[in-house]
Amino acid sequence: MSQTHWTVLGAGSLGCLWAGYLNQAGFPVTLLHREGVAAPESLNLTRFQAEQATAFEARLTTASACPEKSISRLVVATKAHDALNAVAGIKHALTDNACIVLLQNGMGSQQAVAEQYPEFAIIAVCITDGAYRTGPGHVIHAGQGVSRVGALNKAGQKVWRQVVEDLEQTDLIIEACEDINQALWNKLAINIAINGLTALDQCLNGDLMQPERYQRVASLCRETEAVMKGLKLQLPEQGLLQLATDVIEGTAKNRSSMLQDTLRGKITEIDYINGYLVQQAERLNIEVPESLLILHEVKQRFNQPSS
């Protein structure tokens, strides 16, 4: 069994999920928790549809405590707005041929890391799994999804298939993705349609089917389609609105990640969801008034920092 050592930066739900599955597949894992926060006292993973949690092992430490040139395979499992600073804080520990695997939601943060660190292999993962923590180090895999894995830069092209092979040894569903940009946009389109509205109305996903809200969902989908066409991206055969409708109905009882952030008083990822669409639309000279309105409303209502 491979002994590739994985370091996971971020001990939130996604970081613990990946650390758990990697370790239970036989990989040694280091889990980096936030500076100034106590390390979890124990680590366990409740697998998808499992009744009992199972323990996993990881060396627990912080980024600043990692020795120079000690990390060759890094998973960044932070929020989008923290990703660039997180990589800067661990750069001293990266080997010259290190591979950085990014798990961020939305778009923009992955591209910023790839632009800032072209010397490293940058891999992006588009994730549709659902997970939440019941306490520090204790994660429940609540929704089985797919992790689509692809290279973001030239250095990444050389190693991404080996990364896929390693990840396929876990019980996560892994898919090799030649065009990761398309996959990230497909997920972004759904997040644009759902996240901001559920945060503003403090409602579950399924509540977006109410007529007034659904009209806004339809407007968001039309705007996203216009931008995707402008970028020469492929659109889903059934159209974005039908795709978003299917997701809304299939996750009707779910709280979106942005709704959860607002309920906890945390910074949202609005700049990397609706905000990213607005940036691309401005570049293409396409009007996206609904997304622009939601971007401003979320930032104003929840005291979000300026872009």
Side-chain angles (χ1 to χ4, degrees), residues 1-68 70-83 85-94 98 100-105 125 127 129-145 147 166-167 169-172 254-255 257-269:
M1 184 169 291
S2 173
Q3 286 300 298
T4 304
H5 192 114
W6 289 77
T7 298
V8 179
L9 176 54
S13 56
L14 203 54
C16 287
L17 184 79
W18 270 54
Y21 274 109
L22 283 164
N23 179 249
Q24 291 183 357
F27 294 100
V29 172
T30 295
L31 182 60
L32 306 181
H33 57 89
R34 193 179 293 274
E35 303 280 348
V37 175
E41 293 183 3
S42 60
L43 300 169
N44 64 56
L45 163 67
T46 302
R47 289 165 168 259
F48 180 61
Q49 293 185 329
E51 293 184 6
Q52 297 291 329
T54 51
F56 66 91
E57 295 180 1
R59 176 174 174 263
L60 293 162
T61 186
T62 61
S64 64
C66 291
E68 295 271 341
S70 62
I71 297 171
S72 61
R73 189 70 63 82
L74 176 71
V75 175
V76 182
T78 65
K79 288 284 193 177
H81 49 265
D82 289 329
N85 285 338
V87 175
I90 195 68
K91 184 178 182 293
H92 70 278
L94 297 177
I100 302 174
V101 181
L102 302 170
L103 309 187
Q104 280 61 49
N105 201 18
V125 187
I127 297 173
D129 290 283
Y132 63 91
R133 290 187 309 164
T134 56
H138 296 194
V139 64
I140 292 178
H141 190 186
Q144 181 78 73
S147 294
D166 280 358
L167 292 173
Q169 295 180 44
T170 74
D171 288 332
L172 293 167
N254 289 13
R255 288 189 176 99
S257 59
M258 197 174 296
L259 172 58
Q260 292 181 54
D261 285 338
T262 62
L263 290 171
R264 295 169 184 157
K266 293 187 174 182
I267 297 173
T268 73
E269 293 174 311

Rounded distance (nearest 0.5 Å) linking atom [atom1] of [X] with atom [atom2] of [Y]:
X	Y	atom1	atom2	result
T268	L259	OG1	CG	11.5 Å
L17	D129	CG	CG	6.0 Å
L31	H33	CG	NE2	8.0 Å
T134	N44	OG1	CG	6.5 Å
L32	R59	CG	CZ	8.5 Å
T170	L172	OG1	CG	4.0 Å

Can you name the nearest heavy-atom pair linking [X] to [Y], along with the distance?
X	Y	result
A11	C16	O-SG, 3.3 Å
V101	W6	CG2-CZ3, 4.3 Å
T78	A86	CG2-CB, 3.9 Å
G10	A77	O-CB, 4.2 Å
Y132	A142	CE2-CB, 3.7 Å
A63	G89	CB-O, 3.9 Å

- [ ] Let me know which of D166, T4, T7 forms a side chain to side chain donor-acceptor pair (under 3.5 Å) with R73.
- [x] D166
Open item on the list: Counting only heavy atoms not in Q144 (residues, nucleotides, ligands), do more than 12 fall under 6.0 Å from its CD?
Closed with: yes
- [ ] Go through the steps for Y21 and R47 under the test side-chain contact (heavy atoms from CB on, under 4.5 Å), then give the verdict.
- [x] CA-CA 9 Å; Y21 274 109; R47 289 165 168 259; 3.6 Å; yes
Test item: [X] and [Y] side chains (from C-beta on) under 4.5 Å apart, heavy atoms:
X	Y	result
L103	W18	yes
V125	V75	no
L60	P40	yes
R133	H138	no
I267	D261	no

Could you tell me if [Y] and [X] have a donor-acceptor pair between their side chains, going purely by distance under 3.5 Å?
X	Y	value
S64	E35	yes
H5	S72	no
E269	S257	no

State whether the side chain of [X] and the backbone N or O of [Y] hold a donor-acceptor pair below 3.5 Å, judged by distance alone.
X	Y	value
N23	V29	no
Q104	V76	yes
H92	C66	yes

Open item on the list: Holding to ring pair (Phe, Tyr, Trp, His ring centres under 6.0 Å), I want the full list of residues that pass it with F48, two or more places apart in sequence or in another chain.
Closed with: H141
- [ ] Check the pair R34, D82 against side-chain contact (heavy atoms from CB on, under 4.5 Å), reporting the backbone distance first and the verdict last.
- [x] CA-CA 11 Å; R34 193 179 293 274; D82 289 329; 4.2 Å; yes
Task: Evaluation steps, side-chain contact (heavy atoms from CB on, under 4.5 Å), between T30 and V8 - done: CA-CA 6 Å; T30 295; V8 179; over 6 Å; no
